[in-house]
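By convention in this document, chain letters (A, B, ...) are assigned in the order of the sequence lines, proteins followed by strands, and residues within each chain are numbered from 1.
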Protein chains: 2
Amino acid sequence: MTVLILTSEEDVTADMVVLRLREARVPVVRFDPADLTDGVALSGEYAHGTCHGQLSVGGRLVELDGLRSIWVRRPGTAAVRAAQPSAWLTEESAQALYGMLRCTGARWMNHPDAARRARYKPWQLRHAQRSELMVPATLITTFPQAAQEFAERHPDLVVKPVSGAHPQEPPRAVPTSRVAPDADFSAVAFGPTLLQERVVKQADIRLTAVGGTLLAARKPVNPDAHPDDVDVRFAPSVSPWRPVAVPGWVADGVLRYLRGAELAYGAFDFAEDADGVWWFLECNQSGQFGFVEMDTGQPIAATIAEWLAADGLPEDGCANAATGAGC
Amino acid sequence: MTVLILTSEEDVTADMVVLRLREARVPVVRFDPADLTDGVALSGEYAHGTCHGQLSVGGRLVELDGLRSIWVRRPGTAAVRAAQPSAWLTEESAQALYGMLRCTGARWMNHPDAARRARYKPWQLRHAQRSELMVPATLITTFPQAAQEFAERHPDLVVKPVSGAHPQEPPRAVPTSRVAPDADFSAVAFGPTLLQERVVKQADIRLTAVGGTLLAARKPVNPDAHPDDVDVRFAPSVSPWRPVAVPGWVADGVLRYLRGAELAYGAFDFAEDADGVWWFLECNQSGQFGFVEMDTGQPIAATIAEWLAADGLPEDGCANAATGAGC
């Protein structure tokens, strides 16, 4: 049984996982859907109530029925590197590839439907609440009056994008920023705005979840930091990430979140307040983990490799139960 | 409890359903996401483990918790008619709108995740097989040799796009065409090709499924038709669509298909062969129904209105069971 990895050619994080799989002598096929139909070919035949498919990658033939798991890491847009690329060829190639992969019994990290749903920030916040994680008071609105009233009730606010990254090539991260006390909210009417009560944090937490395995890392806030430096991605850093134990109630909530979201992988960001409470900020279903592994030595790549190589459903049973329901 | 309809301003098919809902005195809100944030506003507040949201459409305020059902008919791209449209505003607006709607308890026709999955033709064919519908022998391939061998085993073939419509503005339908007996399949290597055994048909069947209600219509093949006229959308027509009873085994298969696909609505195309067997060609989860209702007088719009207005899950329980699992 083979592990399929969909990612770009240059992906050192994927390299780490491939290395672990090779050490464990697990067959791996890796390619970038951008290389369809040049070097990557596929075929599926439907007859007499059955379906039988193959992938050919660099001349190596793989039976689709023989796929154990599929890691959707950082795949390129289908067929963009074909000899004669077009929107039509991309659409046809994506439909053929992902349509056929959806028919296999392979386990996904993460299933494309679960991945897509998990990107909706309004859904994330609601799902985190329902998973009994702590969520800071948040408003998403295009009503200036609602924003004004929210700011009066919660005078210390940050603003962030609803959708995450700015849609550019390459995508640009938009930092979370503090809202000035006398802010004018009239521009809210022109586009949805996400306002959130600022957590006065003593540390940032990155919790990487792989199946039922939770690996958390903590980075204390620089004591000299300016209160406006709310976004750990952009704040000057003095301390490295260090492993930290996950409080029981957070572990329970995270496992509920993953199960409900049908995710096999998730990178959770929390803010730890002065009382040690972890506040849910977001869960990125394709979040990077290389920088955490580098700082902490936590075996994230090895855990992903183990999950991909395992037989059957992971022990927590959280992956793809419903998204595969019809297939 | 309100019915929400997402569609473009000019949509006579939606008008038919709105008329029925108004007759039944069911509150309806209709808008095009293209009109965000001009005339349409939204807001959602998360606090103390709960979420509370509103939509404002043309000055009318609707509580998101008060939505009974959501009909995703023909919505435009979010915020494209805003005063200053941009890819960023579209992304933010789509995330905010659909992210919040995903958090409601409303029933969907169809849920966006189910709709997206249902568009994958390779998945449709496999799902139809698993639902015990009859599927003509089909090959989707980029291997010229596989195409050649398939054509030798099945000398009477048609070719169609994998993805359905051509990605243009407006989208252009690509007709299903017969494959010449001496076809050269070398070009298959440059893009996925769908080859299917031609059903020698005596009639086309359009089966419109609304929840558990199946309304089928039949159009006999013109006896003078050329065998190359395989695509009913493009063939010259002499007979109108007429209502027809659904064979028991087809009804069972279609209901299994809908349940597994988590679809509340589906427009199924079948080809009826000389023995009266209905062969599954495709299921379009957003297929038009106006032309069938016009020819047959079947109450499709009224059935959709009833489904949208109903309380709780439809009797067959097929809608949104799993896609709503985490929400």
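- Counting heavy atoms from C-beta on, the side chains of A:Gln95 and B:Pro192 never come closer than 4.5 Å.
- Only the side chain of A:Phe150 comes within less than 4.5 Å of a heavy atom in chain B; its backbone stays farther off.
- How far CD of B:Gln54 is from OG1 of A:Thr141: 8.0 Å, rounded to the nearest 0.5 Å.
- A:Trp123 is not listed as a side-chain neighbour of B:Leu101, based on a closest heavy-atom distance of 4.5 Å or more.
- When all heavy atoms of B:Gly191 and A:Leu89 are compared, the closest pair comes out as CA-CD1, 3.7 Å.
- Listed options B:Thr142, B:Leu97, B:Ile140, B:Leu139 were ranked by heavy-atom pairs under 4.5 angstrom with chain A; first place goes to B:Ile140.
- Per-residue counts of heavy-atom pairs under 4.5 Å with chain B were compared for A:Pro112, A:Ala189, A:Ser131; the largest is that of A:Ala189.
- When all heavy atoms of B:Val162 and A:Glu92 are compared, the closest pair comes out as N-OE1, 3.0 Å.
- Here the side chains of B:Tyr98 and A:Pro122 are not in contact, with every heavy-atom distance at 4.5 Å or above.
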### Query
So A:Glu91 and B:Ser163, side chain to side chain donor-acceptor pair (under 3.5 Å) or not? Walk me through it.
CA-CA 7 Å; A:Glu91 181 65 14; B:Ser163 59; 4.6 Å; no
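- Residues A:Tyr120 and B:Cys103 form no side-chain contact, since every pair of their non-hydrogen atoms from C-beta on lies 4.5 Å or further apart.
- At a heavy-atom cut-off of under 4.5 Å, chain A is reached by B:Thr37, B:Ala41, B:Leu42, B:Ser43, B:Gly44, B:Glu45, B:Tyr46, B:Ala47, B:Gly49, B:Thr50 from residues 37-50 of chain B, listed in order of number.
- The greatest number of non-hydrogen atom pairs below 4.5 Å with chain B, out of A:Met100, A:Gln84, A:His154, is found for A:Met100.
- Contact of B:Ala94 with chain A is made through the backbone alone, with heavy-atom distances under 4.5 Å.
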